[in-house]
Amino acid sequence: MSEDLQGKAANGEIQELVKLLSRPHVQGLLSVHDMVAQKDYEPELPPLPDDIDDDEDSVKIIRLVKNKEPLGATIKRDDETGAILVARIMRGGAADRSGLIHVGDELKEVNGIPVDDKKPEEIIRILAQSQGAITFKVIPAAKEDVPSREPKMFVRALFDYDPREDKAIPCKEAGLAFKKGCILQIMSQDDATWWQARYEGDTNPRAGLVPSKQFQERRFALQRPATPVPTQKTPTRRMSGFRRSFRLSRRNKKTNKSMYECQKSELYDMADVPTYEEVAPYCRPSGARHRLVVFVGPSGVGLNELKRKLLISDPQHFSVTVPHTSRAKKNQESDGVEYHFVSKHLFEKDIQNNKLVEYGEYKGNYYGTTVDTVRAVLARNKVCLLDVQPHTLKHLRTAEFKPFVVFVKPPPVERLRESRRNGKVISNKDDHGTAKPFIEEDFEEMVSAAQVMESQYSHLFEQVIVNDDLTTAFGELRQALRKIETEKHWLPVSWTHS
Ligand SMILES: Nc1ncnc2c1ncn2[C@@H]1O[C@H](COP(=O)(O)OP(=O)(O)OP(=O)(O)O)[C@@H](O)[C@H]1O
């Protein structure tokens, strides 16, 4: 090429190109390119079988070279005709990338072995054992199923899934295992029962089978126990843990109301069936309101302790709401500091107008947190720390609050005994709400209450912190909060539109 150019008119640009091309490193690069390009890297394929019937013009011979990677296709026997058909092609898998095999193709032979009389499992075994070039003889589907290329969606898995334990999956090897909280990219929803998905950000392009949302919901409905999950035990020692920060009692149903009191039917509301939640990437724009940080956990686990540490660590950044109460103001108290003091009538009006996130009644007085006090903290561009009962969570899950739900979990009882030796809980034994040392019963109740919460609400927890060593737990919490403030993470898609 540079020789050709040399004969051309002495145009400045041509001259520069000739100069560039004649540089030793460019010459070296071009020579390597030519050497590589001349080599034949194609796999050596065996000759085509010569016993193909000329009349069989609809038969297609397909050659695929298979390495250790699975083929990425499933097969099934047609109930009516008994033919072996390609049931699905996994997105991004070897078969899909070849573009040669399609859903509905009838499989006649694999490596010259007729498959008509074979069970699908036997064929799968033949395929699994084959390495290198595999020859398929197929009758193409009459009309190729062009899979709909719907936009790819991301979901957060709200349950654990292991295909090896799933009796319904058509091919266990094609399944994709995942854990609750995993972000999956849904690659295909062509099949109403089995979606195809891959882990978000995974370099492996091949999708795996996962149960579809509808299918998983149906299964869940069938599996659910006839009797509701047991709720927390009735109180034994303590009743009401009203605090400066307003913690509602988690133990006494009578004193423990919320504007969204949990109805029995709500426990298994179909919309609540934890399957998948569509999510989108989100990074808080600088200056935008912070996500509401919501703590849940059994009584005494250390929610207040963690909140207190956050407030001390950065009082300009973190804040809490001031609760409302209908009780009379004491002399040393100031309105809007310890509480917002309101009349019983006004409090009841606010309850009716759904203005409270949660409220409770104690000794004839109301105590509660209003939605407006939460808004007020967020409007000051502070991170609002709130702790609620878990059944309130779903009502806080709005685009406005974008709650980051932290479940604070107790360590096992043996560890609680060790770490809480100097700890104190508000005791109601003497009905004065005074703090008393923990007793064995407190630890057991704490652990069992945490188990109940986790079994019912864990799909709503974005972060689980085991409060064993306080400094470690606080460090984890601080790091998690820093992440959601500064890094890209995943939020329900409807929260990202506003
Ligand atoms: N990791 C920990 N190690 C040791 N002691 C702890 C730890 N976390 C909390 N405590 C202590 O346990 C006691 C109860 O903690 P805290 O009041 O924060 O619990 P809580 O979850 O807010 O309880 P309540 O629901 O009753 O208000 C306190 O004395 C606290 O200092």
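The figures here come from the full heavy-atom set of this structure, side chains too, leaving out hydrogens, waters and symmetry mates.
Salt bridge Lys108/Asp116: present, at least one basic N to carboxylate O contact under 4.0 Å. Using a 4.0 Å cut-off between charged nitrogen and carboxylate oxygen, Arg397 and Glu277 count as a salt-bridge pair. Using a 4.0 Å cut-off between charged side-chain N and carboxylate O, Lys409 and Glu454 make a salt bridge. With respect to the salt-bridge test (charged N to carboxylate O, under 4.0 angstrom), the residues Glu462 and Arg291 qualify. Between Lys307 and Glu305 there is no salt bridge, since none of the side-chain N atoms of the basic residue sits less than 4.0 Å from a carboxylate O of the acidic one. Under the 4.0 Å criterion applied to side-chain N and carboxylate O atoms, Asp96 and Arg88 are not assigned as salt-bridge partners. Arg91 and Asp190 are joined by a salt bridge, as a carboxylate oxygen and a charged side-chain nitrogen come within less than 4.0 angstrom of each other. We find that Glu400 and Arg375 are joined by a salt bridge, their nearest charged nitrogen and carboxylate oxygen being less than 4.0 Å apart. In summary, Asp468 and Arg415 engage in a salt bridge, as defined by a charged side-chain N under 4.0 Å from a carboxylate O.
Contact between Ala288 and Asn381 at its shortest, heavy atoms only, is O-OD1, 3.6 Å. Closest approach of Pro298 and Ala449 over heavy atoms only: CB-CB, 3.8 Å. Taking all atoms of both residues into account, the shortest heavy-atom contact from Gly175 to Ile169 is CA-CD1, 3.6 Å. Closest approach of Ala280 and Thr496 over heavy atoms only: CB-OG1, 3.9 Å. The minimum heavy-atom distance between Gly297 and Leu303, with the atom names listed, is N-CD1, 3.9 Å. Taking every heavy atom of both residues into account, Val86 and Ile75 meet most closely at CA-CG2, 4.2 Å.
Atom CG of Leu184 sits about 5.5 Å away from atom CD1 of Ile186, to the nearest 0.5 Å. Taken from CE in Met187 to CG in Leu176, the straight-line distance is 11.5 Å, to the nearest 0.5 Å. In this structure, Leu64 CG and Ser98 OG are separated by 4.5 Å, a value rounded to the nearest 0.5 Å. Atom CD1 of residue Ile183 and atom CZ of residue Arg156 lie 4.5 Å apart, to the nearest 0.5 angstrom. Distance check: Leu85 CG to His102 NE2 gives 15.0 Å after rounding to the nearest 0.5 Å. With rounding to the nearest 0.5 Å, the separation of CG in Leu416 from CD in Glu444 is 10.5 Å.
Ile465 is not listed as a side-chain neighbour of Phe474, based on a closest heavy-atom distance of 4.5 Å or more. Residues Gln185 and Tyr199 fail the side-chain proximity criterion, which asks for heavy atoms closer than 4.5 Å. Inter-residue side-chain proximity for Val273 and Leu158 is flagged as unmet; no heavy-atom pair is nearer than 4.5 Å. Within the 4.5 Å cutoff, no side-chain heavy atoms of Lys60 are placed close to those of Leu100. A heavy-atom distance below 4.5 Å is not found between the side chains of Trp195 and Leu209. Counting only heavy atoms from C-beta outward, the side chains of Leu396 and Leu292 approach each other to under 4.5 Å. In this structure the side chain of Val32 never reaches within 4.5 angstrom of the side chain of Leu29, judged on heavy atoms. Taking the side chain as every heavy atom from C-beta outward, Ile101 and Phe136 approach each other to under 4.5 Å.
Ser458 contributes no side-chain N or O that, together with a main-chain N or O of Ser455, makes up a donor-acceptor pair within less than 3.5 Å. Side-chain atoms of Arg97 come within 3.5 Å of backbone N or O of Gly92 as a donor-acceptor pair. The main-chain N or O of Ala473 is never found under 3.5 Å from a side-chain atom of Asn467 such that the two would form a donor-acceptor pair. Looking only at distances, no side-chain donor or acceptor of Asn111 sits under 3.5 Å from a matching main-chain atom of Ile113. Ser212 contributes a side-chain N or O that, together with a main-chain N or O of Ala192, makes up a donor-acceptor pair within less than 3.5 Å. Checking side-chain atoms of Lys179 against main-chain N and O of Tyr161 turns up no donor-acceptor pair under 3.5 Å. In this structure, Asp34 contributes its side chain and Ser31 its backbone to no donor-acceptor pair below 3.5 Å. Not one N or O on the side chain of Lys39 forms a donor-acceptor pair closer than 3.5 Å with the backbone of Val36. A donor-acceptor pair under 3.5 Å is absent between the side-chain atoms of Lys483 and the main chain of Arg478, judged by distance alone. Listed for the Arg284 side chain is no donor-acceptor partner under 3.5 Å among the backbone atoms of Lys488.
Remark: aromatic rings of His489 and Tyr282 are close, center separation under 6.0 Å. With ring centers used as reference points, Phe154 lies under 6.0 Å from Trp490. Within the 6.0 Å centre-distance limit, the rings of Trp194 and Phe215 are counted as a close aromatic pair.
A donor-acceptor contact closer than 3.5 angstrom is absent between the side chains of Arg482 and Gln479. Between the side chains of His317 and Glu485, at least one donor N or O lies within less than 3.5 Å of an accepting N or O. Checking Thr392 against Glu358 by side-chain atom types alone, a donor-acceptor pair falls below 3.5 Å.
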Should Val408 and Phe461 be marked as a side-chain contact (heavy atoms from CB on, under 4.5 Å) after you check the CA-CA gap, both sets of side-chain angles, and the distance that decides it? CA-CA 10 Å; Val408 182; Phe461 306 157; over 6 Å; no
Output, in order, the C-alpha distance, side-chain angles, deciding distance and verdict of side-chain contact (heavy atoms from CB on, under 4.5 Å) for Phe401 and Val374. CA-CA 9 Å; Phe401 294 134; Val374 176; 3.8 Å; yes
Phe443/Arg417 under side-chain contact (heavy atoms from CB on, under 4.5 Å): CA gap, chis, key distance, verdict: CA-CA 8 Å; Phe443 299 146; Arg417 251 180 242 137; 3.9 Å; yes
Worked check of side-chain contact (heavy atoms from CB on, under 4.5 Å) between Val406 and Val294: CA-CA 6 Å; Val406 181; Val294 183; over 6 Å; no
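Counted within 6.0 Å of NZ on Lys180, heavy atoms from surrounding residues, nucleotides or ligands total more than 12; the atom is thus considered enclosed. A 6.0 Å sphere centred on NZ of Lys76 holds no more than 12 heavy atoms belonging to other residues, nucleotides or ligands. Within 6.0 Å of CD on Glu487 lie more than 12 heavy atoms contributed by other residues, nucleotides or ligands.
Between Tyr276 and Phe178, the ring planes are tilted. Angles from 30° to 60° get that label.
Exactly one residue among Gln214, Arg219, Arg218 makes a side chain to side chain donor-acceptor pair (under 3.5 Å) with Gln216. That residue is Arg219.
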